[in-house]
There are 2 protein chains.
Amino acid sequence: MIAGQLSESTEMYLKAMAELGEGEVVSISRLAERLSVTSVSANEMVRRLSEQGLVSHLPYKGVNLTSKGRDVACNVVRRQRLWECFLYNHLKLEWAQLYELACSLEHATAPEVTDALAVFLGNPKTCPHGNPIPDADGCLPELNSNPLSTVPVGDTVRVVSVRATSTEVLRHLQKLSLLPGREVTLLEAAPMDGPLMLKVGDREAALGLLMAEFVFVEPIS
Amino acid sequence: MIAGQLSESTEMYLKAMAELGEGEVVSISRLAERLSVTSVSANEMVRRLSEQGLVSHLPYKGVNLTSKGRDVACNVVRRQRLWECFLYNHLKLEWAQLYELACSLEHATAPEVTDALAVFLGNPKTCPHGNPIPDADGCLPELNSNPLSTVPVGDTVRVVSVRATSTEVLRHLQKLSLLPGREVTLLEAAPMDGPLMLKVGDREAALGLLMAEFVFVEPIS
DNA sequence: TAAAATGTTATGGTTGACCTTATTATTCCT
DNA sequence: AGGAATAATAAGGTCAACCATAACATTTTA
């Protein structure tokens, strides 16, 4: 814990909210699931966070970040994604592990380090998963990309970014070549929430709907 | 917390022991002082550590690292000093701040990251304060250097390393040019534990005895 | 509109790492 | 040898962040 004296746990909650709903309310149960805690714990923590003015909680509706909370969250995301760039581009670490490795570092990163790291890296705009890096003050820019799970059958789109966090899921997506920049055609959506059948490059791939939520794509311009 | 599932606090205790006594027993009160905790707390913690087989405590004598504890400690020191190199050589951060900045990072550094960082940096042998960096498996090599406080009046010696940790003290040493590589002549030791009068380069400097404990020197060869 | 699902609060418990104050044990020094 | 200094232990307390179980409130949906 270094920046702003907020606990690691606090930073994780705020980051999770930023990652889950982009500005939208997030239900406490989604939050709890993402952070692998019980919803009772998440409720407690949300109470603490709202006492600190970092989130606002509308009972039975959900939580969202206050502007103060959003600032913190953006800063956390910035630190994480900068570390991902460093770990990938300079330390040559495994693409699928970046999120987890950078996640531990982010909470231990002083503002001086963050800023110097950004300069060292040449102020990158996105992390190796294609997600935007918020700049020093402001927040992250909105991209017009949507999850692969919302694409109509027959469309061909380009992968913009991958928002999965678990190394296992990321390894799987990598194996299917679902990487930023790739073009993907949605061949078929199997019934009963079955997998999406995709054409990625010259290969076919089957992707579960849950994983398709993590793959953000844009129309090909 | 990442490497080995040991808590940050555990790592700090082990590192402090490695830094204080090089293999020797350390009194719990010295440990407590270094870590800014009460000696009651340090006693508690030492009990926990010895239950885990990381230290052995001889009541009324002191504590020392077991071989298991020493391994962990070396690894922590390695991580810290590698980060110091990175922060100094690549991020151009302030020399006096390196210890503190690297200290937060060290506990959040996975083994993969440590190893890749070492490679990236070209397996440096010392940190920017002149202290040796333990290699991946073994422990740190012993240098034949002694604190400036033990040098006889009249001698000229070379600064090998600086073991202070607080940014403030490091800034002060830097201001006096007491940096690794510098030659220093001990002009006089003032009575009543007064300061040491030094010649550093072409300037004279007065250095308190407590700070002189942190400056390690070797005879000029 | 009532039952099911979801969300919230209450209660009580755990763990690690701290704290204070007080007491007891040992070592050191004269 | 005896008192001072130092070290250790005991007892009780705090705080953040978790947990489980159970009760209660609201929303969704059939």
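Values below: every heavy atom of this structure, side chains too, minus hydrogens, waters and symmetry copies.
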Aromatic plane relationship, B:Phe86 with A:Phe86 - under 30° parallel, 30 to 60° tilted, over 60° perpendicular = tilted
Remember a base hit wins even if backbone is also touched, and classify B:Ser41 as base, sugar-phosphate or nothing at under 4.0 Å, heavy atoms.
-> base
Out of C:dC19, C:dT9, C:dG16, minimum distance to the side chain of A:Asn43 belongs to C:dT9
Give a yes-or-no answer on whether the side chains of B:Ser56 and B:Asn64 include a donor-acceptor pair shorter than 3.5 Å.
-> yes
Give a yes/no on whether any side-chain N or O of A:His57 is located under 4.0 angstrom from OP1 or OP2 of C:dT8.
-> yes
Go through the steps for B:Glu218 and B:Ser145 under the test side chain to side chain donor-acceptor pair (under 3.5 Å), then give the verdict.
-> CA-CA 5 Å; B:Glu218 64 181 1; B:Ser145 59; over 6 Å; no
For A:Glu8 and C:dG16, give me the distance from atom CD to atom P, rounded to whole Å.
-> 17 Å
Measure the distance from CZ on A:Arg47 to C1' on C:dA10 and round it to the nearest whole Å.
-> 11 Å
Residue B:Val40, side-chain atoms from C-beta onward, closest of C:dA17, C:dT21, C:dC18 = C:dT21
Figure out the CD/C1' separation between A:Glu44 and C:dG12, and round it to whole Å.
-> 11 Å
Return the value, rounded to whole Å, for the distance between atom CZ of A:Arg30 and atom C1' of C:dT8.
-> 19 Å
Using atom CE of B:Met45 as one end and atom P of C:dA17 as the other, report the distance to the nearest whole Å.
-> 4 Å
Could you tell me whether A:Arg163 and A:Glu213 make a salt bridge, using a distance below 4.0 angstrom between a side-chain N and a carboxylate O?
-> no
Report yes if a side-chain nitrogen or oxygen of B:Arg48 is closer than 4.0 Å to either non-bridging phosphate oxygen (OP1 or OP2) of C:dG16; otherwise report no.
-> no
Derivation of the salt bridge (charged side-chain N to carboxylate O under 4.0 Å, His left out) call for B:Arg78 and B:Glu106 = CA-CA 9 Å; B:Arg78 174 173 160 79; B:Glu106 83 200 3; over 6 Å; no
Sugar-phosphate, base or nothing in reach of B:Thr38, heavy atoms under 4.0 Å | base
For B:Leu54, the option from B:Thr10, B:Leu65, B:Asp71 that meets side chain to side chain contact (heavy atoms under 4.5 Å, CB included) | B:Thr10
First and last nucleotide of DNA chain D in contact with chain A, 5' to 3', at under 4.0 Å to a heavy atom: what are they?
-> D:dA17 to D:dT27
For the residue pair A:Thr167 and A:Glu100, confirm or rule out a side-chain donor-acceptor distance under 3.5 Å.
-> yes
How are the rings of A:His90 and A:Phe120 set relative to one another: parallel (under 30°), tilted (30 to 60°) or perpendicular (over 60°)?
-> tilted
Select base, sugar-phosphate, or nothing to describe what B:Ser29 touches, counting heavy atoms under 4.0 Å on all strands.
-> sugar-phosphate
Nearest nucleotide by nearest heavy atom, which residue falls closer to the 5' end of DNA chain D, A:Tyr13 or B:Ser27?
-> B:Ser27
Less than 4.0 Å between a side-chain N and a carboxylate O, is that true for B:Arg79 and B:Glu11?
-> yes
B/S/- along nucleotides 23-30 of chain C (protein heavy atoms under 4.0 Å) is --BSS---
